[in-house]
There are 2 protein chains.
Amino acid sequence: MRGPSRHRGATLDDVARRAEVSAMTVSNALNHPDRLSDETLARVRSAIEDLDYRPNRSARTLRSQTSRLVGVRVERSRQDRAALLLDQFLHALAESASGLGYHLIVCHAAGDTAELAAYQELRQTTAVDAFVLTGAHRDDARMRWMREQGVTFACFGRSWDPDPESPGAFPWVDVDGAAGIRAAVEHLAGQGHSEIGLVGWPADSDLGRDRERGWREACADLGLPARVQAHVVDEFDAGRDAAHRLLDAPRGGPVPTALVCVSDTLALGVLRALSERGLRPGRDVAVTGFDNSPSAALTTPGLTSVDQPLADVAAALMRLIDAELSGVRPSATHALLPPRLVVRDSSLAR
Amino acid sequence: MRGPSRHRGATLDDVARRAEVSAMTVSNALNHPDRLSDETLARVRSAIEDLDYRPNRSARTLRSQTSRLVGVRVERSRQDRAALLLDQFLHALAESASGLGYHLIVCHAAGDTAELAAYQELRQTTAVDAFVLTGAHRDDARMRWMREQGVTFACFGRSWDPDPESPGAFPWVDVDGAAGIRAAVEHLAGQGHSEIGLVGWPADSDLGRDRERGWREACADLGLPARVQAHVVDEFDAGRDAAHRLLDAPRGGPVPTALVCVSDTLALGVLRALSERGLRPGRDVAVTGFDNSPSAALTTPGLTSVDQPLADVAAALMRLIDAELSGVRPSATHALLPPRLVVRDSSLAR
DNA sequence: CTGTTAGCGCGTTCAA
DNA sequence: TTGAACGCGCTAACAG
């Protein structure tokens with residue numbers, strides 16, 4: 001019979017006996033050190049060290065109704081998407097969590113209904129104190145549920161609700177997509193392009209509309225037309241097809257010499273289309289993406305892309321959550337972080 | 001007093017009262033349903049349903065010394081590596097864990113010492129029942145620690161210890177790298193290549209030597225020379241430089257018409273080198289990678305690569321862990337899974 | 001088959 | 001400033 005190895009660690013009582021105090025004093029040494037005299041505190045601490053004592057998580061959780069665990073969903077990464085920010089984001093989140101004394105618990109869900117069910121289960125079993133969500137959309141069922149249940153959470157991705165004070169508002173951290181696209185457009189204009197097209201997402205995407213706004217406004221500011229555009233789903237083939245359509249210049253319209261894409265997935269599809277047409281990226285048609293995903297650096301030619309500051313996003317999210325759990329009113333319930341353009345050969349005329 | 005975030009769920013006693021049985025009976029209904037009569041079982045279950053009862057994780061953990069939590073480390077993904085299998089693997093692992101009633105707890109560590117410390121902390125606070133490790137190497141300190149502590153674990157990546165019965169052995173699941181490379185070589189030979197070079201890792205890598213063996217053996221079986229080779233670290237630039245060197249054919253040696261790479265990172269670097277030399281991938285020089293990372297499908301031309309069955313790996317790992325935790329002797333303590341070659345344009349002559 | 005007893009390890013009462 | 005009791009919610013061990 002070899003069941004789970006039962007690790008008998010030192011308990012609070014063991015430490016108490018060794019330090020010749022009561023268990024409560026040891027507990028206070030951990031949670032309210034200011035309540036102890038310096039002398040006993042030192043004695044308790046050395047006993048803790050001697051025994052290599054760690055408080056038992058479950059006992060603590062059971063007693064205090066707080067687990068210092070944060071739930072986060074991992075999504076299956078589809079092979080046709082370059083948006084593989086997840087593992088970078090997850091690492092950053094784990095790091096930030098760790099710094100504030102939290103751990104991450106990963107929750108798998110295959111679909112939106114399952115996602116809510118998984119959150120509910122983690123919540124009801126008092127396994128987690130809070131959640132980190134990603135990709136909010138208008139009228140998001142997850143946000144509604146969280147608010148109804150009074151669950152602490154923060155979201156990577158802003159609330160697109162037009163009224164920031166509305167009940168739909170929630171704590172979020174996001175990257176300024178419009179600014180990122182604007183930087184790409186300005187860079188392309190600096191390379192001498194004057195007909196800069198957009199490969200964007202469908203109009204029902206708030207995120208896509210925000211990035212599109214960056215393109216439109218930058219073009220306006222530069223005195224350039226913002227007329228060549230496509231709106232497609234975020235898939236490689238969709239980007240490829242869109243590029244072919246735009247470069248075919250339907251009805252004798254203008255032919256773009258540069259294409260700004262709202263994702264690396266689309267941009268990589270565009271690069272494929274250029275190759276199929278015998279066009280050289282950068283020299284013949286400049287291309288930029290968004291996300292600075294690993295593929296951007298590794299493809300040939302390198303893809304110019306907008307880099308999201310994931311470490312900062314993660315840190316800000318964890319700070320929001322920690323503030324809420326600590327009962328502190330945070331100075332701001334959301335943050336919009338600036339991205340950074342990483343220039344590679346796909347956009348250089350050279 | 002009770003804040004909104006303190007959601008008091010139903011307890012075992014609540015269910016017991018409602019079903020007019022003792023708390024113990026409810027517990028049995030959950031954990032040993034066979035010990036109950038059909039009639040009481042049904043009554044208890046309906047009470048559970050009525051109250052939407054979920055057992056409290058911490059209480060259960062505290063009592064049973066088992067958390068059904070599995071620890072896994074997430075590593076920072078370096079931008080110059082395509083081996084971004086992590087998030088796919090993590091998702092697969094979360095899915096398999098979920099299917100067996102486990103959850104994943106993510107542990108961040110910046111370095112090997114920190115990794116051990118993080119494991120230790122999770123272990124000592126009785127937060128996790130087991131660990132999933134990745135990337136074992138000879139004389140691995142993590143494995144040694146796990147065994148010494150009697151901690152349950154399983155590893156993605158085999159034990160390279162020459163004697164499988166030695167104390168260094170441990171439960172693992174791995175992908176047959178030699179077979180994957182062999183498939184790539186056979187495919188290239190089928191495309192008419194007869195001078196197939198290898199871009200491998202340094203000789204001190206067991207994993208790299210295994211993949212190299214696949215190349216050597218396949219060439220021997222096909223009656224082809226296995227002489228053109230480079231051994232470099234797993235970085236984009238290293239792959240790029242290696243390709244240049246091999247194609248320069250030092251000392252008038254043979255010029256390879258195909259390059260088999262032991263990782264996608266290296267292969268993508270090779271593709272860059274080809275572009276710099278004005279050579280067309282597939283037509284002039286065929287290239288294959290290993291991992292079938294997202295970039296393989298998204299780069300242009302598409303990169304032929306060896307796909308690792310991550311979902312199967314994850315499932316096998318969780319089965320090993322579950323068996324060990326359940327005190328069941330598993331039929332085998334390790335598994336070597338076959339990979340699958342995904343052919344794309346980088347290796348096709350036309 | 002079902003109920004009773006007795007904690008798991010910790011932290012919040014209180015009292016000293 | 002420190003200590004004693006109690007209970008968080010659940011389940012192993014034993015009755016009945």
Side-chain angles (χ1 to χ4, degrees), chain A residues 1 3-4 6-45 47-48 51-68 123-127 129, chain B residues 1-3 6-45 47-48 51-68 101 123-127 129 327:
Chain A
M1 171 64 201
R6 186 160 294 184
H7 171 261
R8 306 250 77 155
T11 81
L12 208 59
D13 281 314
D14 298 333
V15 178
R17 264 191 296 278
R18 184 172 180 103
E20 295 178 315
V21 293
S22 79
M24 197 54 248
T25 302
V26 180
S27 174
N28 277 332
L30 260 41
N31 305 313
H32 306 282
D34 51 299
R35 292 187 188 164
L36 296 193
S37 70
D38 293 352
E39 194 249 341
T40 40
L41 183 57
R43 212 166 67 242
V44 171
R45 284 197 168 148
I48 288 176
L51 298 174
D52 195 23
Y53 164 76
R54 314 284 169 120
N56 181 303
R57 269 190 107 84
S58 354
R60 182 174 261 190
T61 299
L62 182 58
R63 184 63 204 151
S64 64
Q65 304 287 348
T66 174
S67 63
R68 298 200 82 82
R123 178 65 194 151
Q124 290 194 333
T125 59
T126 61
D129 289 347
Chain B
M1 180 68 220
R2 258 193 256 145
R6 183 167 282 191
H7 171 259
R8 308 249 84 161
T11 81
L12 206 61
D13 281 315
D14 297 333
V15 178
R17 264 191 296 278
R18 185 172 178 102
E20 296 179 312
V21 292
S22 78
M24 197 57 241
T25 301
V26 180
S27 174
N28 278 331
L30 259 40
N31 305 313
H32 306 281
D34 50 300
R35 292 185 188 164
L36 296 193
S37 73
D38 292 353
E39 194 249 341
T40 38
L41 184 58
R43 212 166 66 244
V44 171
R45 283 194 171 150
I48 289 175
L51 298 174
D52 195 22
Y53 165 76
R54 315 284 168 122
N56 181 304
R57 260 184 177 277
S58 355
R60 181 175 264 187
T61 299
L62 181 57
R63 182 63 237 217
S64 63
Q65 304 286 350
T66 176
S67 63
R68 298 200 81 82
R123 180 66 196 150
Q124 288 193 333
T125 59
T126 61
D129 288 346

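Nothing here was measured: the structure is a model prediction, and the numbers come from that model. Below, chains carry the letters A, B, ... as their sequence lines are ordered, and counting in each starts from 1. Values reported hereafter were calculated over all heavy atoms of this structure, with side chains retained and with hydrogens, waters and symmetry mates removed.
For the atom pair Arg43(A) CZ and Leu36(A) CG, the distance stands at 10.0 Å (nearest 0.5 Å).
Atoms CG (Leu51(A)) and P (dG9(C)) sit 14 Å apart, rounded to a whole Å. In this structure, CZ of Arg17(B) is placed 16 Å from C1' of dG3(C), rounded to the nearest angstrom. With rounding to whole Å, Glu39(A) atom CD is found 13 Å from dT2(D) atom C1'. Straight-line distance from the CG atom of Asp13(B) to the P atom of dG3(C): 13 Å, rounded to whole Å. Protein atom CG of Asn56(B) is 14 Å distant from nucleotide atom C1' of dC10(C), rounded to whole Å. The CZ atom of Arg57(A) sits 17 Å away from the C1' atom of dC8(D) (whole-angstrom rounding). Separating the CG atom of Leu62(B) from the C1' atom of dC10(C) is a distance of 8 Å, rounded to the nearest angstrom.
Among the atoms of the strands shown, only primed sugar atoms or phosphate atoms (P, OP1, OP2) are found under 4.0 Å from some heavy atom of Thr40(A). Backbone-only engagement by Leu36(B) is indicated by non-hydrogen atom pairs under 4.0 Å involving sugar-phosphate atoms exclusively.
Residue Thr25(B) places at least one side-chain N or O under 4.0 Å from the OP1 or OP2 atom of dG3(C). Side-chain N/O atoms of Ser58(B) include none lying less than 4.0 angstrom from OP1 or OP2 on dC10(D). Residue Thr61(A) places none of its side-chain N or O atoms closer than 4.0 Å to OP1 or OP2 of dC10(C).
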Per-nucleotide protein contact string for nucleotides 11-16 of chain D, where B marks a base within reach and S marks sugar-phosphate only (heavy atoms under 4.0 Å, - for neither): BBB---

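Considering every non-hydrogen atom in both Pro55(B) and Thr125(A), the closest pair reads O-CG2, 3.4 Å. Taking each heavy atom of Asp52(A) and Gln124(B) in turn, the nearest pair found is OD2-NE2, 3.0 Å. In plain terms, the two heavy atoms of Leu41(B) and Pro33(B) that are nearest each other are CD2-O, 4.1 Å.
Contact check for Leu30(B) versus Arg60(B): side-chain heavy atoms found under the 4.5 Å cut-off.
A donor-acceptor pair is defined here as one N or O able to donate and one able to accept, closer than 3.5 Å; such a pair exists between the side chain of Arg68(B) and the backbone of Gly101(B).
Defined by atom type and a distance below 3.5 Å, a donor-acceptor pair is missing between the side-chain atoms of Ser58(B) and Thr61(B).
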